[in-house]
Amino acid sequence: MIDGSIGMACKCSVERRSVMYSNNLREFCFDRERKKFNRKNLRNVSTIPIFKRSFSRCRSVSGKSCIISMDVREKSRSTLFETSKHKRVPIYVMMPIDSFGVDTSGTPRIRKIKALTISLKALKLAGVHGIAVEVWWGIVERFFPHAYNWSLYEELFNLVSEMGLKLQVALSFHSNVHLSSRVQGVSLPQWITEIGRHNKDIYYQDQNGFPNADYLTLGVDNIPLFHGRTAIQCYEDFICSFANKFDSLMGTVIEEVCVGLGPSGELRYPAHPFQDGRWQFPGIGAFQCYDKYMYGSLKSNEPTNFMHTLFGECMMGAAFPFSSAALFIHIYRVCFCTVRMEDLRAVAWQEGKPDWANKGPPDAGDYNSFPTDVPFFEEGEGSFLSDHGHFFLEWYSDRLLRHADSILGVAAKLLQKYQENEQNSIRIVAKIGLLYWWYQTVSHPAELTAGYYNTAFRDGYDPLTSMLSRHGAALQISCFEMLDNETPKSFLCSPEGLLQQIRTASKKRVVELIGRNTHERFDEAGLKQIHSNCYDSQAEAVRSFTYFRMNDKIFRVENWNNFVPFVRRMSTHL
């Protein structure tokens, strides 16, 4: 779920409705050629994909490296949840959004440290297990590449440790400068934003060419645009520096490390940018793959022409600093790779569909469209059910999974020694968004634009949890406080249905869950729903719960009197 972003339209109280399987939809799934699907079938569609048919067996657009179609070879961790239904659920409380500031000299500081100290003491007395802290790339490596300044976090971690609290650390490779007009946010590192001034394609872009500067596009994961480093190498160096700096706290004070994978730290595309007003709930969002590194901007013969010219000059005795054939081959490979052979254009040619190379999904609407107004999200020619629709959505979601696979692979390798120590181990965590509006439609458009290829016909969370399982990562999801009957009926929301689907996928792949709320809830009903979701009678208890987030409201008498008993119930072995 997007941090503090979606709830503006979710406070309406309507009669709770059950989600029913549609007989018409079943007939449609098993006999697609009849094409008797009606617009009224947009309502009350099953929210749990149950069809394992040709949609899940379609040929992958990504070849051998495709995560979606890979066989699962993860280690069996069958004993992971054996006693989880009876365990306590530790609670981490997230630091205030305005915890950090920058003084006149440009040095990051902890704001209101005396008030923070008092707050930490109170939380410890209440039974809170630990504190969730965002470790910002834009603070630590702010001015120059490889110039890491950990002083702020050294001070904060020592303070938390002295209070007897544990740490859940979120390595945050995104910006939150647009999160609130009232709070000074944290941007990406200044040396990164300077590169972005000259090359806006390092950011995700929508179909109108509008960039989102909150996170680097996954299209630059393997392109050395950042002072000789790729984006993945920048993340790797940061994680390595973090692990080395706080080695003595790893597994003892620091128990969970959440690795940022996208905007708001979540593995998703920035399809719903509420910060600048482009998107408002319950808009379907917009696809974010139109930067040149994802979408492609070079003609297919450009790399060949370039290398032919270079090779010709060498043969004619032109001044050229390389004489080794091996080095020449290396240069060829580097040049060839930097032409983005992994983008949409290249994959379309690889699939033998060059007519798909220059276009995204047609008639996909805009940020604030409703699915009933958008042909791509209904049935018919050119829709998400068409061959081109399937090709695009698989490519779009697969690139997102490969992005996470690369970063989590790096993190797992660097943090492996802490995971092997059973007594003082840490858990790597990945966070995703819960885009629950329009979930009861056939197409699930809000999920599709965010990069989750999840529809009534296809379980988009199984390949995701499969990838996490291979890295031994836990999955953090939000909306634990939400009920279907608290959402607007007309927008076909189902946070409960979506949460249940992800629970099922996680259980299948033996992936631990970490819960989180989306909106501040101090009322008994909201806290009771959180407790119920953490101790679901039909599923395993979550590994931990992250309360979003600490502020002055939590300490108000009427709220505190509900919050403390809630914490103690969660901390009691059942």
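Using a 4.5 Å cut-off on side-chain heavy atoms (C-beta onward), Ile254 and Lys166 make no contact. Considering only heavy atoms from C-beta on, Tyr418 stays 4.5 Å or farther from Ser425 through its side chain. Counting heavy atoms from C-beta on, the side chains of Glu154 and Lys245 come closer than 4.5 Å. Side-chain contact between Val89 and Val542 is present, with heavy atoms from C-beta onward closer than 4.5 Å. At least one side-chain heavy atom of Leu156 sits less than 4.5 Å from a side-chain heavy atom of Leu116. For the pair Ile554/Phe563, a side-chain contact is recorded, criterion being any heavy-atom separation below 4.5 Å from C-beta on. When side chains are defined from C-beta on, Glu256 does not count as touching Val169, because their heavy atoms never get closer than 4.5 Å.
Classified by interplanar angle (parallel below 30°, tilted 30° to 60°, perpendicular above 60°), the ring pair Phe522/Tyr547 is tilted. Ring geometry for Trp279 versus Trp437: interplanar angle of 30 to 60°, hence tilted. Note: Phe173 and Tyr235 have tilted aromatic rings, judged against thresholds of 30 and 60 degrees for the angle between ring planes. Using cut-offs of 30° and 60° on the angle between ring planes, the pair Phe545 and Phe480 is tilted.
Here Ile232 contributes atom CD1 and Ile407 contributes atom CD1; the two are 4.5 Å apart, rounded to the nearest 0.5 Å. For the atom pair CD1 of Ile131 and CD1 of Ile91, the computed distance is 11.0 Å after rounding to the nearest 0.5 Å.
In summary, Glu447 and Arg268 do not engage in a salt bridge, as defined by a charged side-chain N under 4.0 Å from a carboxylate O. We find that Asp221 and Arg402 are not joined by a salt bridge, their nearest charged nitrogen and carboxylate oxygen being 4.0 Å or further apart. Using a 4.0 Å cut-off between charged side-chain N and carboxylate O, Lys417 and Asp247 make a salt bridge. Classification of Arg229 and Glu141 as a salt-bridged pair holds, one side-chain N sitting under 4.0 Å from a carboxylate O. Glu255 has no carboxylate O lying under 4.0 Å from a charged side-chain N of Arg427, or vice versa, which leaves the two without a salt bridge. Using a 4.0 Å cut-off between a side-chain N of Lys or Arg and a carboxylate O of Asp or Glu, Glu512 and Arg543 qualify as a salt bridge. Electrostatic pairing of Lys528 and Glu481 does not count as a salt bridge here, judged by no charged N lying under 4.0 Å from a carboxylate O.
At least one donor-acceptor pair closer than 3.5 Å links the side chain of Thr441 to the backbone N or O of His444. Remark: the backbone N or O of His174 is not paired with any side-chain donor or acceptor of Ser172 at under 3.5 angstrom.
Residues satisfying the ring-ring contact (aromatic ring centres under 6.0 Å, His included) criterion with Phe144, sequence neighbours excluded, are absent altogether. Scored by the ring-ring contact (aromatic ring centres under 6.0 Å, His included) test, Phe210 finds no partners at all (sequence neighbours excluded). The ring-ring contact (aromatic ring centres under 6.0 Å, His included) search around Tyr452 returns Tyr461, not counting sequence neighbours. For Thr117, the side-chain contact (heavy atoms from CB on, under 4.5 Å) partners two or more places apart in sequence, or in a different chain, are Ile113, Lys121, Leu159, Met163.
Of the listed residues (Tyr203, Tyr396, Tyr215), just one forms a ring-ring contact (aromatic ring centres under 6.0 Å, His included) with Tyr269, and that residue is Tyr396. Only one option out of Phe157, Trp136, Phe238 pairs with Trp150 in a ring-ring contact (aromatic ring centres under 6.0 Å, His included); it is Phe238.
For residues 97-131, every residue pair satisfying the ring-ring contact (aromatic ring centres under 6.0 Å, His included) rule, not counting sequence neighbours, is listed here: Tyr92-His129, Phe100-Tyr153. Within the structure, ring-ring contact (aromatic ring centres under 6.0 Å, His included) pairs that include any residue of residues 494-518 do not occur (at least two apart or interchain).
Between the side chains of Asn551 and Glu520, at least one donor N or O sits under 3.5 Å from an acceptor N or O.
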Dump the intermediate steps for side-chain hydrogen bond (donor to acceptor under 3.5 Å, both in side chains) on Tyr148 and Asp237, then the final yes or no.
CA-CA 10 Å; Tyr148 304 106; Asp237 292 342; 4.6 Å; no
Between Gln501 and Asp459, is the side-chain hydrogen bond (donor to acceptor under 3.5 Å, both in side chains) condition met? List the steps.
CA-CA 8 Å; Gln501 181 186 348; Asp459 186 350; 3.0 Å; yes
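A pairwise comparison of heavy atoms in Pro108 and Asn149 identifies CD-ND2, 4.4 Å as the closest pair. In terms of heavy atoms, Lys431 sits closest to Ser264 at NZ-O, 3.0 Å.
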